[in-house]
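Every chain is numbered from 1 and lettered A, B, ... according to where its sequence line falls, protein lines coming before strand lines.
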Number of protein chains: 2
Amino acid sequence: MLKISELAEQTGLSAHTLRYYEKHGLINASNRSAAGYRFYTDLDVRRVQFVKTARNTGFSLADIGQLLSIRVDKQSHSCQDVTDITQKKLLEVNAKLAELQSMQQTLELLLESCCGGPENATHCSIMEALDAGLSREDEN
Amino acid sequence: MLKISELAEQTGLSAHTLRYYEKHGLINASNRSAAGYRFYTDLDVRRVQFVKTARNTGFSLADIGQLLSIRVDKQSHSCQDVTDITQKKLLEVNAKLAELQSMQQTLELLLESCCGGPENATHCSIMEALDAGLSREDEN
DNA sequence: GTTGACCTTAGAGTTAACTCTAAGCTTATA
DNA sequence: TATAAGCTTAGAGTTAACTCTAAGGTCAAC
């Protein structure tokens with residue numbers, strides 16, 4: 001049985017975050033001391049680790065809530081329920097990735113075009129490109 | 001001379017957003033009518049377009065504030081001032097990109113591993129992988 | 001028996017970039 | 001001249017996921 005600070009140390013999350021997760025229905029302490037202190041079992045720890053892993057994989061807390069409700073009653077859910085959530089997240093990640101890759105390319109082109117030196121910026125090609133709307137090559 | 005809704009239409013930004021940008025010192029209306037209506041010149045329009053282009057390139061409003069202060073006094077700034085801002089942004093974008101690529105890979109592996117069918121989730125390999133911390137292959 | 005570290009709760013603050021609302025002028029049109 | 005569309009401001013609300021604070025109770029050790 002772990003106290004909240006011990007669980008925090010074991011999982012790498014802060015006690016604040018753990019209480020926050022509890023408030024949002026993701027986790028819970030199986031036991032409380034007479035005075036109200038939270039005490040966590042091994043099962044609780046594993047649930048927190050599940051949350052942390054899902055978080056690192058990009059799932060939102062809302063997604064994780066869904067995944068957890070599948071986790072506690074796997075019989076009543078299908079693999080498709082799980083892949084639906086995962087697919088949706090992958091699409092979001094891919095969309096964000098495309099956006100960032102476009103930014104990356106633009107930034108790299110800008111940096112290639114500019115001397116970056118101590119000359120004054122009167123003819124700076126980055127400023128010119130931003131002024132010209134990047135020459136309309138990549139607009140939204 | 002454009003009214004704010006006309007500028008909004010020309011730039012694809014909302015009038016709300018334009019006022020927001022003004023409140024944060026990025027743009028301004030060169031003129032006001034007797035009653036206080038904003039009126040924008042061609043120069044104002046170009047400044048707004050600069051902001052929009054920079055925004056699409058990933059710069060934060062704070063970055064754009066810096067770029068704009070260079071823009072209005074290029075003599076007093078060097079190309080290096082501009083590339084410093086651009087470099088910093090590229091590093092941020094690259095960091096975020098790496099994070100998302102790792103998530104993408106994980107999500108794809110998860111999806112490959114799971115049948116995604118109507119079977120119940122008792123042995124769902126996505127759930128198992130999340131439970132196992134993704135087999136420790138990719139931890140933070 | 002008193003420090004000091006740790007725990008509790010409710011609730012406020014943070015961040016970025018909007019987005020919207022309310023209450024009240026202004027302006028163009030019919 | 002009356003209506004509707006559009007403008008003004010100040011300020012509140014939104015989103016996600018924390019992060020922190022205040023005020024106070026608890027517990028182990030010296």
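- Nearest-nucleotide mapping onto DNA chain C: of S60(B) and S33(B), the residue sitting toward the 5' end is S60(B).
- Atom CD of E108(B) has more than 12 heavy atoms from other residues, nucleotides or ligands within 6.0 Å.
- dT19(C) atom C1' lies 14 Å from atom CD1 of I4(B), rounded to whole Å.
- Nearest nucleotide to the side chain of S5(A), out of dC6(C), dT8(C), dT27(C): dC6(C).
- Across every non-hydrogen atom of M1(B) and N31(B), the tightest pair is CE-ND2, 2.7 Å.
- The distance from atom OH of Y20(A) to atom C1' of dA12(C) is 14 Å, rounded to the nearest whole Å.
- Nearest-nucleotide positions on DNA chain C place S14(B) closer to the 5' end than the other of K3(B) and S14(B).
- In this structure, the nucleotide among dC18(C), dC18(D), dG25(D) sitting nearest to the side chain of T17(A) is dC18(D).
- Rounded to an integer number of Å, the gap from OH of Y21(A) to P of dT19(D) is 9 Å.
- Counting non-hydrogen atoms of other residues, nucleotides and ligands closer than 6.0 Å to CD of Q101(A) gives a total above 12.
- Look at CZ on R38(A): it is 13 Å from C1' on dC6(C), rounded to the nearest Å.
- Between L134(B) and L110(B) the shortest side-chain heavy-atom distance falls below 4.5 Å.
- Taking atom NZ of residue K23(B) and atom P of nucleotide dA17(C), one finds them 15 Å apart after rounding to whole Å.
- Listed nucleotides: dC20(D), dT26(D), dC18(C). Nearest to the side chain of H16(A): dC20(D).
- Across dA17(C), dC6(C), dT9(C), the shortest atom-to-atom separation from the side chain of R32(A) is found for dT9(C).
- The shortest distance between the side-chain N/O atoms of R55(A) and the OP1/OP2 oxygens of dA17(D) is below 4.0 Å.
- Listed nucleotides dA17(C), dC27(D), dG6(D) differ in distance to Y37(B); the shortest reach to its side chain belongs to dG6(D).
- Comparing F39(B) and H24(A), the nucleotide of DNA chain D nearest to each residue sits closer to the 5' end for F39(B).
- Look at CD on E6(A): it is 13 Å from C1' on dA28(D), rounded to the nearest Å.
- Side-chain rings of H24(A) and Y20(A) approach one another, their centers coming within less than 6.0 Å.
- Summarising the geometry, the separation between CG on L18(B) and C1' on dG6(D) is reported as 15 Å, rounded to the nearest angstrom.
- When rounded to the nearest whole Å, the span between NZ of K52(A) and P of dC18(D) equals 12 Å.
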